[in-house]
Amino acid sequence: MLQQNTTKRIGYWLLLLHQAFDAATTTALRDVGLNRRQWQVLHAIHIGVRTVSGIDEAFAPFLVADRERSYRPVVEDFAARGWAVLDGDAITSTDAGAAAHASAEVLVNAHAEKQLRGITQEEFLAANDVLRRIAENMRDNGSL
């Protein structure tokens, strides 16, 4: 059997990691005025997600965890900062947004390097693959 007789099964570790990533990433990004979710949205825009609905779809599990309906307010905040242009649902990054992303990415990469110390790329990719397959199994079984 894959699960051992312990109170610290996969759900425990997933929730602990979620909470820790939120707190630690927000701390790492404090100097650039971002929290974890804002970073995720900014990064999504930077890598080519061009609509608010696309952002919401990409981060649907986080919307539930954050008790939000949309990350439109985050994109609106970026527009107010001059980092993006929002036209209806469409998002366009600006030069200032690209610069903000580059600054934040340096901090996120340094943070990730510390958090993943001692874990090989192969181990990281394998863990990610296992979690993806568990999620697919849950979706296929009607749990998601």
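Start at 1 with the first residue, then count along the sequence.
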(request) Identify whether NZ of Lys or CZ of Arg in Arg81 sits under 6.0 Å from the centre of the six-membered ring of Trp83 and within 45° of that ring's axis. (result) yes

(message) If I take atom CG from residue Leu34 and atom NE2 from residue His43, how far apart are they, to the nearest 0.5 angstrom?
(response) 13.0 Å

(message) Using a 6.0 Å cut-off, check whether atom CG of Asp87 has over 12 heavy atoms from anything other than its own residue.
(response) no

(request) Can you measure from CG (Asp66) to CG (Asn35) and round to the nearest 0.5 angstrom? (result) 8.5 Å

(message) Please evaluate residues Gln40 and Tyr71 with respect to the criterion side chain to side chain contact (heavy atoms under 4.5 Å, CB included), reporting the C-alpha separation (whole Å), side-chain torsions for both, the decisive distance (0.1 Å), and the verdict.
(response) CA-CA 10 Å; Gln40 289 172 314; Tyr71 288 119; over 6 Å; no

(message) Please give me the minimum heavy-atom distance between Ala96 and Gly82, naming the atom from each residue.
(response) CB-O, 3.5 Å

(message) For Glu57, is the CD atom crowded, meaning more than 12 foreign heavy atoms sit under 6.0 Å from it?
(response) no

(message) Does Arg117, at its CZ atom, have more than 12 non-hydrogen atoms belonging to other residues, nucleotides or ligands within less than 6.0 Å?
(response) no

(request) Decide whether Ile10 and Val130 are clustered together by the hydrophobic rule: side chain heavy atoms of Ile, Leu, Val, Met, Phe, Trp, Tyr closer than 4.5 Å, transitively. (result) yes

(message) When you measure from the side chain of Thr27 to the backbone of Ala23, do you find a donor-acceptor pair of N or O atoms at a distance under 3.5 Å?
(response) yes

(message) Is there a side-chain contact between Thr25 and His111 in this structure, where contact means two heavy atoms from C-beta onward sitting under 4.5 Å apart?
(response) yes

(request) Identify the heavy atoms of Arg72 and Gly88 that sit nearest to each other, and give their distance. (result) NH2-O, 3.0 Å

(request) For Asp95, look at atom CG and say whether over 12 heavy atoms of other residues, nucleotides or ligands are found less than 6.0 Å away. (result) no

(request) Just do the side chain to side chain contact (heavy atoms under 4.5 Å, CB included) check on Gln38 and Phe78 with the steps written out, would you? (result) CA-CA 9 Å; Gln38 290 168 321; Phe78 292 163; 4.0 Å; yes

(message) Show the nearest heavy-atom pair for residues Leu42 and Gly97, with the distance to one decimal.
(response) CD1-O, 4.2 Å

(message) Please identify which of these residues, Val75, Val52, Ile91, meets the side chain to side chain contact (heavy atoms under 4.5 Å, CB included) condition with Val41.
(response) Val75

(request) Would you give the length of the straight line joining atom CD of Glu136 to atom CG of Asn141, rounded to the nearest 0.5 angstrom? (result) 11.5 Å

(request) Would you kindly confirm whether Leu16 and Phe21 end up in one hydrophobic cluster when ILVMFWY residues are joined by side chain heavy atoms under 4.5 Å apart? (result) no

(message) To the closest 0.5 Å, what do you measure between CG (Leu29) and OG (Ser103)?
(response) 10.5 Å

(request) May I ask you to check whether over 12 heavy atoms, not counting those of Arg132, lie within 6.0 Å of atom CZ? (result) yes

(message) Using every non-hydrogen atom in the two residues, find where Ala98 and Ser93 come nearest and quote the distance to one decimal.
(response) N-OG, 3.8 Å

(message) Set out, in order, the CA-CA distance, both residues' side-chain angles and the distance that settles side chain to side chain contact (heavy atoms under 4.5 Å, CB included) for Thr92 and Arg50, then state yes or no.
(response) CA-CA 7 Å; Thr92 305; Arg50 295 287 179 242; 5.8 Å; no

(message) Could you check whether Asp22 pairs with Arg37 (Lys NZ or Arg NE/NH1/NH2 to Asp/Glu carboxylate O, under 4.0 Å)?
(response) yes

(message) Working to the nearest 0.5 angstrom, can you tell me the gap between Gln115 CD and Glu113 CD?
(response) 10.5 Å

(request) For Ser70 and Asp56, work out which heavy atoms get closest and say how close. (result) OG-OD2, 2.7 Å

(message) Do Leu131 and Leu125 land in one hydrophobic cluster if side-chain heavy atoms of ILVMFWY residues count as linked below 4.5 Å?
(response) no

(message) Quick check for you: to the nearest 0.5 Å, what is the distance between Leu107 atom CG and Glu105 atom CD?
(response) 10.0 Å

(request) Start with the C-alpha gap between Arg36 and Phe62, add the side-chain angles, then the distance that decides, and say whether side chain to side chain contact (heavy atoms under 4.5 Å, CB included) holds. (result) CA-CA 11 Å; Arg36 180 182 181 206; Phe62 291 107; 4.0 Å; yes

